[in-house]
Amino acid sequence: MRYKALVIGLWLAATGAAPAQEVNVDGVLLDGMTQKPIAGGEVRVEDQRVRTSEDGSFSLVILPGTWRIEVTHTGYLDTSFPIEVSDEG
């Protein structure tokens with residue numbers, strides 16, 4: 001069976017005013033070859049799991065630190081990679 005590659009784009013934005021404030025992690029899941037958005041993919045960081053919307057977008061709220069983001073969708077290779085999240089502008 002042949003699998004396609006997933007590509008993910010991320011944007012980070014601090015939300016709050018306290019030290020160690022939560023950070024919004026927004027992104028878009030794309031097909032690695034066509035660069036078209038993928039709906040219904042699962043994006044996971046620790047115990048948080050969200051599905052990508054029709055336009056491939058997703059949003060998570062996590063604390064600053066080093067995390068492993070995992071992305072899955074049927075017919076695609078599972079992808080995971082570390083991200084460093086900071087609440088500094």
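Numbers for residues simply follow the sequence, beginning at 1.
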Between Ser59 and Asp26: side-chain donor-acceptor atoms closer than 3.5 Å
yes
Between Lys36 and Leu30, is the side-chain contact (heavy atoms from CB on, under 4.5 Å) condition met? List the steps.
CA-CA 5 Å; Lys36 292 185 179 180; Leu30 303 172; over 6 Å; no
Candidate pair Leu60 and Val50, rule side-chain contact (heavy atoms from CB on, under 4.5 Å), full reasoning
CA-CA 7 Å; Leu60 293 165; Val50 297; 3.6 Å; yes
To the nearest 0.5 Å, how far apart are OG in Ser53 and CG in Leu29?
10.0 Å
Specify the closest pair of heavy atoms between Ala39 and Thr52, including all atoms of both residues, with the distance to one decimal.
C-OG1, 3.4 Å
Between Arg68 and Glu70, is the salt bridge (charged side-chain N to carboxylate O under 4.0 Å, His left out) condition met? List the steps.
CA-CA 6 Å; Arg68 178 153 293 278; Glu70 300 173 6; 5.9 Å; no
Given side chains that start at C-beta, do those of Asp31 and Tyr76 come closer than 4.5 Å, heavy atoms only?
yes
Which heavy-atom pair separates Trp67 from Glu46 by the least distance, and what is that distance?
CZ3-CG, 3.0 Å
Beyond-backbone contact of Gln48 with Ile62, side-chain heavy atoms, under 4.5 angstrom
yes
In a check of side-chain contact (heavy atoms from CB on, under 4.5 Å) between Val43 and each of Val25, Thr79, Ile69, Thr72, which one passes?
Ile69
Tell me if the CD atom of Glu54 is crowded by more than 12 foreign heavy atoms within 6.0 Å.
no
Please report the shortest heavy-atom distance between Pro64 and Ser86, naming the atom on each side.
CB-CA, 4.3 Å
